[in-house]
Each structure stands twice: as structure tokens, then as C-alpha cells.
Amino acid sequence: MSTPARYDFDTVIDRRGTWCVQWDGVADRFGVDGLLPFTISDMDFETAPEVLTALRARLDHGVLGYTTWQQDDFRSAIAHWFATRYGTEIDTGRLVYGPSVLSQLSQLLQMWTAEGDGVVVHTPTYDGFRKAITGLGRELRGVPVGDAAALERELARADAKVLVLCSPHNPTGRVWTEAELRETAALARRHGVAVISDEIHADFVHDGHRHVPWTRVGGDGRWALISSGSKSFNFPALTGSYGIIGDPADRAEFLRRMETAEGLASPAVLSLTAHIAAYREGGPWLDAVREYVAGNLALVAERLNGAFPELAWEPPQAGYLAWIDVRPLGVDDEALQRVLIEREKVAVMPGAVYGAPGFLRLNAGCPRSKVEAGMAALVRAVRAVR
């Protein structure tokens, strides 16, 4: 099935000189400018045209004063998205707002834990989680993705207070089944552990898999779902996220903290505008970009497995991040990175960033020509160090 002609994902848009972290900030992480980057998880595509139209209309109004997220246009757009995408009704009275999912995570951790408490995560672990948890003086406790026994052991520890669930999982792209989520919710309730479910990658679940929002399984436990349209519609520079908090008292405390301690009385109006347009009108664009990215990931599989059949690499169940286990190739991580950077002039995230040496995380949310170039470079680099 081909991508609808009205959306163009093949045209390369030059992002250099736009203060772009992926392109202009590559030297901050890799020490060299001018690399072809497959790094931070944003896409090289324009956002949906419906979003751009709404943003232009809002700017044409000309007045950009203080605003509020507690209005029906924003809340009903989120409810509409959950109903149409996930077949899930949400109580808009439980909604909250934050500058980003990580800012919400930080605030919830401060509400539900004290310094030294255990916070459970799945490994490999998104580095933003690690920074937020350890930066607050909490103890990060990892359990391997899919290891239910290890998860229960960690949740059963007396000082384990929160499980941070990435759903779908970053960086592996794993989509949790409803049965797995219900079992996780039951374990958390049994051991008195709160759950923070980060669902920012939920809209990018690929065919054959289904995302189940935590609101469907959380029940009467202590929980929060945090998310944003910024990942799926590619507008993280606008900031803005929303959450759903199960307990009314917890929701009230979260809002109090955000509005007083954090001074968040007025959110970014363009973020609200973008979310409303995306969730009301952006579905066809999202379906098209998911299909295009699925083609990119199929290309990654073709190039990897064609060159190195022993990898038997399969695309992720969700997202545009290719999580690649290169351990079967017997290559040295540092040597591979040196060749990628110095000879191939390519930046690919090493798995060690996520606590998983021997892996790579390659961002395939880009025009196909860029994926072709990146995969050719990666294959040459691996062959050079084997």
C-alpha cells in the first residue's frame, strides 16, 4: 500500500541552522560537527499540514497573551483522540497539563517518593528516565523487558514506591499486551506501588499490534498516564504535554504544585493549538507517516539481514527507532563508534546510553534516502571493524 500522494515524506528538508538538537547539536554528544544524525527521537518531516494551518491561523490573530488549557476545545480533543484511536473513554475531569512528559514525571516522583526510595524501570532504559530519577536522588532499579519474575521481585521490595512504565517501550519498541498490563497493574496494587505510564509513543504502534492505555487497567490503584502529541506529530519544539491522574486528591496536588511551585499558570498557546488540530484533523497524516516509517524500518531489516544474516533483525512493534543488537557480530562498541564518526561521518546512538552495550538505536523517522545512506554507512562500518 502506497503513501497517499498528498503527503510528501521523501523531500529532504534542511534542518541545519534552525537550532535543531539532532543536526546542529550533534557535536555536543559525538564531539564532531557535520555528521549525518540518526539520534534524538524527533523526525525530519514537517508536521501535519492541518497542524500548520491551525498554527498560522492562531498567529494571524496577532495577540499572544496568557492562556488556559482548562477549556473544552483542548480537553475534548484529547477525549476524541482516545475514543477514536483506542476505543477508550476518558474522564476529562482527570486531565492535567505540563510543559513536557519529563516535567510531569519529575513532579509525580516528588509527590509519590522521597529521596532514597526505589523507582522501578524496564531495561534497557530511556536515558531521560534515568536522569530524572537519579537527579532527584531516587534509586533506579532496572528489570529486563519481559522478565515478569524480576518485575515482581523489585515491586515487592519495601522501599519500592513507583514503577515508571514506558508504553510502548523506548528504546526497544515493545508494545505491552493487555494481559501484560493487567498483570502489571495487579502487581503494583498488591505491593502498594504507584505507576506512571509514559505513553508518548502510543500513536506509532505498527500494524498487528494494539496500544492499550493505562486508564483501561489502572483501576483504583495510584497511577498517572502522561503523554503528548508532540512525538507522533513532530512538534516537540512547541513544548506541552498532558496527563490523566487516577486519584482526585493526587490530581489536585499535582495542579497545585504546577501552578504554585512551578509557576505554570499559562501554558504555551501554540502547543494547545497544535494538539487540538492534530487530534481533531491529523489522523490521516499520522496513518500515512506510520506507513512510510514502516517502509523505512523494512529497509533497515533488508540491509542489515542482507549483509549480516546472523542478526535476523526484525522491525519494532512501535515507533521509528530501530533497536539493533549487534552483539552476534562480535564487534567492539568503541571501535564501531569511531569508524561511524571518523570515517563514515554518521551519528548513531550507542546502546550504552540506555544501559545496553552491544546495541545501537537508529532513528528512521526521516526521508528514505537518509535511511539508505545511514544503512550503507553502518554496513561499511561493521565490516571495517570485524
Side-chain angles (χ1 to χ4, degrees), residues 21 40-43 47-48 51 54-55 67-71 73-82 85-86 88 90-112 126-129 131-133 136 162 164-170 194-204 211 213-215 218 223-246 250-251 253-259 261-280 282 286 318-319:
V21 172
I40 193 169
S41 58
D42 67 3
M43 297 185 284
T47 188
V51 171
L55 291 172
T67 189
T68 177
W69 66 269
Q70 298 197 57
Q71 33 83 8
D73 288 343
F74 180 62
R75 291 186 291 201
S76 67
I78 297 170
H80 170 78
W81 190 251
F82 272 71
R85 283 277 146 170
Y86 308 123
T88 300
I90 64 167
D91 178 0
T92 58
R94 290 179 167 182
L95 284 170
V96 297
Y97 183 89
S100 68
V101 292
L102 286 178
S103 71
Q104 289 194 74
L105 173 65
S106 176
Q107 199 61 243
L108 290 162
L109 287 174
Q110 292 175 71
M111 285 172 51
W112 292 344
Y126 167 49
D127 56 322
F129 289 172
K131 292 173 184 176
I133 293 165
L136 289 170
V162 167
V164 177
L165 179 71
C166 201
S167 180
H169 185 261
N170 174 18
V195 177
I196 303 171
S197 182
D198 177 353
E199 303 188 11
I200 199 169
H201 293 277
D203 297 333
F204 246 91
H211 173 69
W214 191 261
T215 56
W223 58 265
L225 181 161
I226 55 178
S227 192
S228 173
S230 64
K231 193 71 68 178
S232 44
F233 288 93
N234 205 39
F235 52 74
L238 298 180
T239 71
S241 68
Y242 59 87
I244 305 171
I245 297 179
D250 284 335
R251 177 183 180 274
E253 174 62 11
F254 181 93
L255 291 175
R256 185 195 69 78
R257 287 168 173 256
M258 279 294 187
E259 293 172 5
E262 302 300 323
L264 184 68
S266 177
V269 67
L270 295 184
S271 174
L272 302 181
T273 302
H275 274 90
I276 293 165
Y279 284 175
R280 286 290 184 183
L286 178 62

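FYI, side chains are in, hydrogens and waters are out, and symmetry mates aren't considered; it's all heavy atoms of this structure.
Taking 4.5 Å as the limit, every side-chain heavy atom of Leu270 sits out of range of all side-chain heavy atoms of Phe235. Using a 4.5 Å heavy-atom threshold, the side chains of Tyr97 and Met258 count as separate. Inter-residue side-chain proximity for Val269 and Pro267 is flagged as unmet; no heavy-atom pair is nearer than 4.5 Å. Leu105 is not listed as a side-chain neighbour of Asp198, based on a closest heavy-atom distance of 4.5 Å or more. Using a 4.5 Å heavy-atom threshold, the side chains of Leu238 and Thr273 count as separate. A 4.5 Å side-chain heavy-atom check between Ile78 and Thr92 finds every atom pair outside the cut-off. Between Ile196 and Leu109 the shortest side-chain heavy-atom distance falls below 4.5 Å. The side-chain heavy atoms of Arg85 and His80, taken from C-beta on, include no pair separated by under 4.5 Å.
For the residue pair Ala77 and Tyr279, the shortest heavy atom distance occurs at O-CB, 3.5 Å. Of all heavy-atom pairs between Ser228 and Gly240, the closest is OG-O, 2.9 Å. For Lys231 against Met43, the heavy-atom pair with the smallest separation is O-CE, 3.7 Å. Closest approach of Gly98 and Leu264 over heavy atoms only: CA-CD2, 4.1 Å. Of all heavy-atom pairs between Arg94 and Trp223, the closest is NH1-CZ2, 3.5 Å. When every heavy atom of Asp250 is checked against every heavy atom of Met111, the shortest pair comes out as O-CE, 3.4 Å.
Rounding to the nearest 0.5 Å gives a distance of 9.5 Å between CH2 of Trp69 and CD of Gln71. The CD1 atom of Ile226 sits 7.0 Å away from the CG atom of Leu102 when rounded to the nearest 0.5 Å. Between atom CG of residue Leu255 and atom CD of residue Glu262 there is a gap of 12.5 Å, rounded to the nearest 0.5 Å. Between the CG atom of Asp203 and the CH2 atom of Trp81 there is a distance of 5.0 Å, given to the nearest 0.5 Å.
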Open item on the list: Applying side chain to side chain contact (heavy atoms under 4.5 Å, CB included) to Phe74 and Thr67, what does each step give before you reach the verdict?
Closed with: CA-CA 12 Å; Phe74 180 62; Thr67 189; over 6 Å; no
- [ ] Determine, step by step, whether Ser106 and Leu136 satisfy the side chain to side chain contact (heavy atoms under 4.5 Å, CB included) criterion, reporting the C-alpha distance in whole Å, the side-chain angles of both residues, the deciding distance to 0.1 Å, and the verdict.
- [x] CA-CA 8 Å; Ser106 176; Leu136 289 170; 3.9 Å; yes
- [ ] With side chain to side chain contact (heavy atoms under 4.5 Å, CB included) as the test, would you mind laying out the steps for Ile200 and Ser230 before giving the verdict?
- [x] CA-CA 8 Å; Ile200 199 169; Ser230 64; 3.9 Å; yes
TODO: Evaluate the criterion ring pair (Phe, Tyr, Trp, His ring centres under 6.0 Å) for residue pair Tyr86 and His211; output intermediate values, then yes/no.
DONE: CA-CA 7 Å; Tyr86 308 123; His211 173 69; 5.2 Å; yes
Task: Residues Asp91, Thr215; criterion side chain to side chain contact (heavy atoms under 4.5 Å, CB included); working and verdict - done: CA-CA 9 Å; Asp91 178 0; Thr215 56; over 6 Å; no
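A donor-acceptor pair under 3.5 Å links the side-chain atoms of Arg251 to the main chain of Leu95, judged by distance alone. A distance-only check finds no donor-acceptor pair linking the side chain of Ser232 to the backbone of Phe204 [under 3.5 Å]. Put simply, the side chain of Ser227 gets close to the backbone of Glu199: a donor and an acceptor are under 3.5 Å apart. Proximity of a side-chain donor or acceptor of Thr47 to a complementary backbone N or O of Phe233 within less than 3.5 Å is detected.
Legend: residues meeting ring pair (Phe, Tyr, Trp, His ring centres under 6.0 Å) with Tyr126, ordered by chain and number and at least two apart, are Phe129.
Between His275 and Tyr242, the ring planes are perpendicular. Angles over 60° get that label, and only those under 30° would be called parallel.
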